[in-house]
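Structure first, then comments.
Counting begins at 1 with the first residue of the sequence. As the structure lists them, so they are numbered: ligands from 1, and atoms in each ligand from 1.
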Amino acid sequence: MKCIRIGFIGTGFQGRDLIRRLAEKESYVKVTAVSDIDRESAQETADLYGLKVYATGQELIASQEVDAVAVTSWGETHEEYVLQAIAHNKPVFCEKPLATTREGCMKIVKAELDAGKKYVQVGFMRRFDRRYQDLKKVLDSKEAGNILLMHCAHRNKEVGATYTSDMVVTDMMVHEIDIVRWLTGKEIMAVQILKPKSSIHANQNTNFPLYGIFELEDGTIVDVEANAAAYFGYEVTCEVVGENAVVSLPQMNPVTVKAKNKKEEFLPSLWTERFDQAYEDEILAWAESLKKGKADGPDSFDGYMAAVCTDACLQSLHEGGRILTDKMERPNLFIK
Ligand code: NAP
């Protein structure tokens with residue numbers, strides 16, 4: 001089989017991590033090209049893995065030597081690169097967000113509808129997390145009966161000084177938005193964001209934590225605590241209350257240490273530790289989809305719905321109150 005050549009646009013933290021994961025596997029896909037607005041960063045990555053550097057993302061996408069594109073540059077740049085990849089008939093992995101506006105996401109959905117083909121996998125890596133997959137298996141088995149409530153928490157130990165309350169929604173809560181849609185198969189119809197009193201560990205002029213309430217189309221209510229300054233460590237929890245059972249997301253490490261009248265359990269510091277395997281499985285699943293010639297996983301409609309819901313959350317954060325999400329039916333092309 002002919003090797004599939006991948007070009008990465010964006011060689012920052014996330015780009016380098018995914019390039020390393022692909023480079024470490026002997027495979028029919030091979031990262032061969034990179035581009036970054038920071039030429040030095042692109043060159044450093046290229047030197048590590050013997051890659052060709054392109055001066056711009058546009059040149060990389062247009063190149064005859066690149067068969068598929070991964071967009072891991074900064075969020076604002078995603079829309080243009082993804083649309084260009086589709087126009088060049090090339091499959092594309094795009095880190096979240098698919099685009100920074102719902103209109104931008106819709107342009108990508110429309111480009112795929114016009115082409116009559118799916119090209120895009122969006123980087124919602126939690127769907128590849130084996131613990132979330134186990135949770136979904138139990139929910140799909142209907143052992144718990146209909147889902148009534150979900151309690152979710154997303155706790156970052158700490159964040160940089162420039163992190164804002166808006167980013168708690170767009171960077172953190174967006175993962176709960178996607179995973180709740182995926183776990184339940186239901187759309188979010190309305191959201192409300194409440195601002196509890198802010199932690200002493202919060203950045204200036206921010207509200208950490210935020211508390212979100214999502215109403216799903218079947219009446220399920222989901223509450224989400226998103227805390228960018230949880231201080232004690234990194235943690236993601238999800239407890240699903242069904243008619244017959246309560247089902248919980250398994251935690252990181254079952255090993256506990258009992259000593260000196262205390263019971264201790266390991267907690268990670270960062271999301272990279274908690275979701276290490278998920279990032280690996282996500283990018284390898286994309287590689288597998290390239291082999292099959294069929295895009296799989298979270299698609300551009302999921303990217304669009306995430307933007308619709310984060311917009312509604314931001315509106316509630318700034319203006320208060322319950323906001324309807326103005327959801328759209330999933331087009332046939334995106335029905336799995
Ligand atoms: P980062 O370390 O800042 O890397 C982004 C890179 O893109 C930087 O080297 C930046 O250069 C470059 N860049 C900016 N504009 C560009 C353009 N027009 N063309 C080409 N390159 C450009 O950020 P990151 O943490 O890797 O995040 C990248 C993306 O991954 C973001 O969308 C983020 O939301 C996403 N992400 C997702 C997860 C997840 O859990 N799924 C986790 C982390 C990140 P300069 O530094 O010179 O601007």
Side-chain angles (χ1 to χ4, degrees), residues 7-21 33-46 48 51 53-63 66 69-85 92-101 104-105 108 120-129 132 154-157 159-160 162-164 166-179 182 226 228 234-236 268-286 297-298 300 302-303 306-307 310:
F8 265 75
I9 304 173
T11 53
F13 181 82
Q14 197 64 6
R16 280 190 197 202
D17 182 62
L18 296 178
I19 291 170
R20 173 185 60 78
R21 290 174 192 277
V34 280
S35 180
D36 194 293
I37 204 160
D38 178 347
R39 177 82 190 207
E40 232 174 85
S41 160
Q43 193 59 56
E44 268 175 30
T45 315
L48 277 176
L51 315 175
V53 177
Y54 286 82
T56 64
Q58 289 82 354
E59 284 171 53
L60 179 148
I61 293 168
S63 169
V66 170
V69 179
V71 180
T72 51
S73 48
W74 204 231
E76 282 74 13
T77 65
H78 293 181
E79 178 185 336
E80 183 196 343
Y81 290 140
V82 172
L83 285 170
Q84 206 193 337
V92 54
F93 172 84
C94 179
E95 257 309 341
K96 60 93 189 151
L98 177 61
T100 49
T101 62
C105 292
I108 294 169
V120 183
Q121 179 177 321
V122 183
F124 287 124
M125 83 300 176
R126 281 199 195 177
R127 295 184 185 207
F128 298 89
D129 178 64
Y132 270 114
H154 186 167
R155 301 175 176 126
N156 259 318
K157 184 175 180 178
V159 287
T162 55
Y163 209 88
T164 61
D166 281 14
M167 290 162 85
V168 175
V169 171
T170 57
D171 268 10
M172 293 182 65
M173 228 179 237
V174 69
H175 285 291
E176 268 67 31
I177 288 170
D178 182 67
I179 207 68
W182 181 71
Y234 180 84
E235 185 179 51
V236 163
S269 293
L270 288 171
W271 69 94
T272 42
E273 290 168 68
R274 167 62 181 83
F275 288 108
D276 181 61
Q277 187 65 48
Y279 287 115
E280 180 98 0
D281 291 349
E282 169 192 55
I283 204 66
L284 295 180
W286 182 58
S300 55
D302 295 314
T310 47

So does Arg21 pair up with Asp276, basic N to acidic O under 4.0 Å? yes

Can you tell whether the side chains of Glu235 and Arg274 come within less than 4.0 Å, N to carboxylate O? no

Asp36 CG to Tyr54 OH distance, which is reported to the nearest 0.5 Å: 15.5 Å

Inter-residue atom distance Leu48.CG - Arg20.CZ, 0.5 Å rounding: 11.5 Å

Taking distance alone, with N or O pairs closer than 3.5 Å, would you say Gln14 contacts ligand 1? yes

Geometry only, no angles: is Glu95 polar-contacting ligand 1 at N/O separations under 3.5 Å? yes

Geometric class of the Phe124/His175 ring pair [parallel <30°, tilted 30-60°, perpendicular >60°]: perpendicular

Any [X] heavy atom less than 4.0 Å to ligand 1:
X      : value
Tyr279 : yes
Glu76  : no
His78  : yes

Mode of [X] contact toward ligand 1 - side chain, backbone, both, neither (heavy atoms, under 4.0 Å):
X      : answer
Tyr81  : side chain
Lys96  : both
Asp36  : both
Asp171 : neither
Phe275 : neither

Is atom 46 (O) of ligand 1 less than 4.0 angstrom from some protein heavy atom? no

Residue pair Asp302, Arg127: steps toward the salt bridge (charged side-chain N to carboxylate O under 4.0 Å, His left out) verdict: CA-CA 12 Å; Asp302 295 314; Arg127 295 184 185 207; 3.4 Å; yes

